[in-house]
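Following: one structure in structure tokens, then a few remarks.
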Amino acid sequence: MSGGTSLTVNGRSHSIASVPQAILLDVLRNELGLKAARFGCGEGLCGACRVLVDGRPVASCDTPLWSVSGKAITTVEGLGTPDAPHPIQAALIAEQAMQCGYCISGIMISAAALLAETTEPSEIAIREALDPNLCRCGAHNRVIRAVQRAAAEMRASAA
Ligand code: FES
Ligand code: FES
């Protein structure tokens, strides 16, 4: 079966050559060269491959291409830039909230989705939002502080 699925990623429209049954993570990494989303478990269980689909975090390892045609996909590459990082990106750096960094793209996606909903998340809400994201290095407490820092900076810049 031929490809030709149209996909909007980070605000740009693409005509995808991969077959509609292809896995979104493979399309992002291998066809579009967007390497931030990572392969971890391949079963929707670790969060390393998360991307935003219409603003909601989704496991791209578990998502067929056809199911996201016409939807807006955001990867970490679309969250911010080195010169203008998303507040969660700046806060993760400020809190030194990474060790190996393998999990961190998925964590950025989950945190960005939460911060788009509220800039006053409780610690419980942060823990719940990040619950699908596994980190084997044990950076959890620093990640939570980073989300709180990003939320505070977003509140301050909105004031
Ligand atoms: S690689 Fe997708 S959830 Fe683990
Ligand atoms: S920083 Fe290594 S898995 Fe999270």
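Everything numeric in this text was worked out from a predicted model, so none of it was measured. First listed ligand is number 1; within each ligand, the first listed atom is number 1.
For ligand 2, the atoms sitting less than 4.0 Å from at least one non-hydrogen atom of Cys100 are 1 (S), 2 (Fe), 3 (S), numbered in the order shown with element in parentheses. Residue contact check: Arg136 has heavy atoms under 4.0 Å from atoms 3 (S) of ligand 2. Atoms of ligand 2 lying under 4.0 Å from any heavy atom of Cys103, numbered from 1 in the order shown and given with element: 1 (S), 3 (S), 4 (Fe). Below 4.0 Å from some heavy atom of Gly101 lie the following atoms of ligand 2, by number and element: 1 (S), 2 (Fe).
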For a quick test of your reading: what N or O donor-acceptor pairs under 3.5 Å do the side chains of residues 130-140 make, sequence neighbours left out?
from: Asn133; atom 1: OD1; to: Ser110; atom 2: OG; distance (Å): 2.6
from: Asn133; atom 1: ND2; to: Gly47; atom 2: O; distance (Å): 3.4
from: Asn133; atom 1: ND2; to: Gly106; atom 2: O; distance (Å): 3.1

Enumerate, atom names and distances included, each donor-acceptor pair closer than 3.5 Å involving a side-chain atom of residues 147-159, sequence neighbours excluded.
from: Arg149; atom 1: NE; to: Glu95; atom 2: OE2; distance (Å): 3.0
from: Arg149; atom 1: NH2; to: Glu95; atom 2: OE2; distance (Å): 3.4
from: Arg155; atom 1: NH1; to: Thr119; atom 2: O; distance (Å): 2.5
from: Ser157; atom 1: OG; to: Glu153; atom 2: O; distance (Å): 3.2
from: Ser157; atom 1: OG; to: Met154; atom 2: O; distance (Å): 3.2

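Residues Gln89 and Val76 meet the side-chain proximity criterion, which asks for heavy atoms closer than 4.5 Å. Put simply, the side chain of Leu32 reaches to within 4.5 Å of the side chain of Ile16, judged on heavy atoms. Residues Arg38 and Arg29 are in side-chain contact: their nearest non-hydrogen atoms beyond the backbone lie under 4.5 Å apart.
By the criterion of side-chain heavy atoms lying less than 4.5 angstrom apart, applied directly or through intervening Ile, Leu, Val, Met, Phe, Trp or Tyr residues, Ile104 is not grouped with Tyr102; the two fall into different hydrophobic clusters.
The only member of Asp62, Leu7, Val58 that meets side chain to side chain contact (heavy atoms under 4.5 Å, CB included) when paired with Leu24 is Leu7.
When non-hydrogen atoms are compared, ligand 2 lies under 4.0 Å from the backbone of Cys135 as well as from its side chain.
For atom 4 (Fe) of ligand 1, the set of protein N/O/S atoms nearer than 2.8 Å consists of Cys41 SG, Cys46 SG, ordered by chain and number.
Scanning for side chain to side chain donor-acceptor pair (under 3.5 Å) contacts around Glu128 gives an empty result, with sequence neighbours left out.
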